[in-house]
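Below you'll find the structure, written out as structure tokens, and then a few comments.
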2 protein chains.
Amino acid sequence: MRPRRGRGVTILDVAERAGVSVSTASRALTGHPDVSAQTRKQVLGASQELGYRPSLLAQSLVLGRTSTIGLLVSDIANPFYPALAKSIEDAASNFGYIVVLCNTDDDPPRSLKYLDRLIAQGVDGIIHASVGEDEKHLSLASQAGVPVVVLNRRPRLLRDVDVVISDNQKGAEEIVTHLLELGHRTIGHIAGPEYATLCEDRLAGYRRALEKKGIPFNPELVVRSKFTHEAGAQAVQELLQREPRTTAIFAVNDVVALGAMDALLERGLEIPRQISLVGFDDIEISRSPTVQLTTVRQNLVEMGRLGVMQLVDAMSNPETHQPQRIVLEAGVVLRNTAAQPADIPQPE
Amino acid sequence: MRPRRGRGVTILDVAERAGVSVSTASRALTGHPDVSAQTRKQVLGASQELGYRPSLLAQSLVLGRTSTIGLLVSDIANPFYPALAKSIEDAASNFGYIVVLCNTDDDPPRSLKYLDRLIAQGVDGIIHASVGEDEKHLSLASQAGVPVVVLNRRPRLLRDVDVVISDNQKGAEEIVTHLLELGHRTIGHIAGPEYATLCEDRLAGYRRALEKKGIPFNPELVVRSKFTHEAGAQAVQELLQREPRTTAIFAVNDVVALGAMDALLERGLEIPRQISLVGFDDIEISRSPTVQLTTVRQNLVEMGRLGVMQLVDAMSNPETHQPQRIVLEAGVVLRNTAAQPADIPQPE
DNA sequence: CTGAAAGCGCTTACAG
DNA sequence: CTGAAAGCGCTTACAG
């Protein structure tokens, strides 16, 4: 039987080689001031020679922290998340934290499973950026004393967690107002699942914009969709079937808008000549020359960065940290998928 | 001072409550057979009542495994990686492993820093899917007895690691042959950095295809580029300046091809009427109706899944595991960006 | 079937 | 400035 971990050089080996006690070796290694220069040199030398690497596992156990944070996203393959994850990983790494990635698929049991595991594993904090109905599971973390930062969702019940979110309602209101100003009057909305607050907020923005222009809200024009490309494509069919005179569509996010775009193109509709289409998020693909989606920009890099800042503060100062709600601006980005409505009725 | 971790229920609390020793509590909790049904019930009950959750940290220290794997990617915000990461996370999770995500930016020192940290942290295995010149750093892991699986790159020196890779040369040869068969004779290649074997393999495939058709290789037609959108856009400018009669371009990957596409469209060139463009990878965006990039498909989901399978085997059977090199097929996907060359010379 | 003890690899009061 | 000892929260031979 060979030792479990490679050559398994422990601090005991270093201490022996340096001819000191384990305590002294530890102090020398961790840079404790009360160590004579000579002893320190010997210990460091021994450590070098042996290729000693301290077990963070053991350190974590005694120090009570792992310098690890957990990140829950709905689905890293959904193009909304990579930029956010990158920003989080970047910022976390600057503070010496490493990040564990978990895909919840917005499935509450999965979410629970991960949360449980992360807590048991001893993560120092959790960033929760998925939107499933798992809010109650989050309290597990708080109970266990693990600070939580919630990104991109507005908690319904949870207090004492930090929140970083865009102003979804205002952003939605702005872009729908833009459509109205272009002259559109029959504007469909592909809304997201009801459980996600961001959807409700964007829907509220949509309604608000109509209201301000004195246009009655028509529930027929709102169709619910999941957060996927395919669902967006389906939703648009449904919408156009319900109301063929729709001249513009506001999709709950870009991924859904892109799905809708596919379906519209497939139907032979020209965007924006025959129908306008706008989204929300401004993910990378939306900017590409072949897409040029008019949308609302969420600053995901900033969201990730601020989320980490809040979490770091919460982890470093558990006693004094005050959870905050940070609301980011989200403004319209004009591109090529929204224009004045054509007078021409749709083909067929 | 409150306890570090929330209420901090330990196995000692459970044991006391159940009126047994810690050893017995442990055995009951871990499902050891030699525990009387009654004792087990009591312990489990106590555990329930106290809301006990075992410290995986402590368990890891004694058991010598953390059920954690490290994943190194170049950049999760690069659309190549999310699908791969998803697949890995999925498969890993099925085996009870959690994954730590690290962005190397293909920067060897960063890579080293992460590798070091992951090993010290005690990950049970590492999946390395970034392409920087950090191969020698990988041997750290092997030395420390941590199994490594390399994805999407062909190690130059390292033995005893598992490799899962697509047949880059063959894929490249196939798609360039396709261009040749369409009638192209002046085919540019936007190659990637020389340090990445996958670039060299794709370049070799490009050369092979030309050779088979008896077309002399013209080094002027090969321009090097980084793996980014922007670099692709720049590279295409360089290429067209060197050889304006280029009628088709093979980009080292889709991200680069998409950048090239931007630049071509900006120049007012129609794809594929005036110039053909093909890539490699078949990332999600390439499939979208507005892009429809002709490319070579890499099965990233399969690559991730197989990578995890190999790693799990290596972690479970360290003594008997035989590192393997698995080569995945990579075939051409015909879409809309490659067609017969026009006789019309380019505008301007 | 159960308990006392050792040990996983560290850190840190406590004495000296 | 240094060392012996206790402890972080578990598991598992070893006795009984």
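In what follows, chains are A, B, ... by sequence order, proteins preceding strands, each numbered from 1.
Atom CD of B/Q42 is separated from atom P of C/dG3 by 10 Å (rounded to the nearest Å). Atom CZ in A/R27 sits roughly 10 Å away from atom P in C/dT12 (whole-Å rounding). A straight line from CG of B/D13 to P of D/dC10 spans 9 Å, rounded to a whole angstrom. Remark: P of D/dC8 and CG of B/L56 are 18 Å apart, rounded to the nearest angstrom. Atom-to-atom, CG of A/L12 to C1' of C/dC8 comes out at 13 Å; the value is rounded to the nearest Å. Taking atom CZ of residue B/R65 and atom P of nucleotide C/dC8, one finds them 17 Å apart after rounding to whole Å. To the nearest angstrom, P of C/dT12 lies 13 Å from CG of A/L61. The NE2 atom of B/H32 sits 12 Å away from the P atom of D/dT11 (whole-angstrom rounding).
At a threshold of 4.0 angstrom between heavy atoms, the contacts of A/S26 include nucleobase atoms, whether or not backbone atoms are also involved. Contacts of A/R53 with the nucleic acid, taken as non-hydrogen atoms under 4.0 Å apart, involve only primed sugar atoms and P, OP1 or OP2. Within 4.0 Å of B/S60, counting heavy atoms only, lies no atom of the nucleic acid at all.
Listed candidates were C/dT2, C/dC10, D/dG3. Nearest to the side chain of B/T39 is C/dT2. Closest to the side chain of B/I11, out of D/dT11, C/dG9, D/dT2, is D/dT11. Looking at the side chain of A/D34, the nearest of the listed nucleotides D/dA4, D/dC1, C/dG3 is D/dC1. With D/dC10, C/dT11, D/dT2 as the choices, the nucleotide that has an atom nearest any side-chain atom of B/A58 turns out to be D/dC10. Nearest nucleotide to the B/V20 side chain, out of D/dT2, D/dC8, C/dG3: C/dG3. When each of C/dT2, D/dC10, C/dT12 is scored by its nearest atom to the side-chain atoms of B/T24, the top-ranked nucleotide is C/dT2. With D/dG9, D/dG3, D/dC10 as the choices, the nucleotide that has an atom nearest any side-chain atom of A/S23 turns out to be D/dG3.
Contact of the B/V161 side chain with the B/H128 side chain is not registered, since no non-hydrogen atoms from C-beta on lie closer than 4.5 Å. Residues A/Y195 and A/D106 form a side-chain contact, since some pair of their non-hydrogen atoms from C-beta on lies under 4.5 Å apart.
Between A/R53 and B/D116, at least one side-chain N (NZ, or NE/NH1/NH2) sits under 4.0 Å from a carboxylate O, which counts as a salt bridge.
Place A/T10 and B/R40 on DNA chain C by their nearest nucleotides, and B/R40 ends up nearer the 5' end.
Judged by distance alone, the side chains of A/Y81 and A/S74 do bring a donor and an acceptor atom under 3.5 Å apart.
Across all strands shown, D/dA15 pairs with C/dT2; the Watson-Crick or G-U wobble distances both stay below 3.5 Å.
The residue from B/V146, B/V100, B/L140 that alone fulfils the side-chain contact (heavy atoms from CB on, under 4.5 Å) condition with B/L118 is B/V100.
When the P atom is used for both D/dA5 and D/dC1, the distance is 23 Å, rounded to whole Å. A distance of about 22 Å separates the P atoms of D/dA15 and D/dT11, rounded to the whole Å.
For the pair B/D124 (side chain) and B/T66 (backbone), a donor-acceptor distance under 3.5 Å is present.
The shortest distance between the side-chain N/O atoms of B/Q59 and the OP1/OP2 oxygens of D/dT11 is below 4.0 Å. Between C/dT2 and B/S36, a contact under 4.0 Å exists linking OP1 or OP2 to a side-chain N or O.
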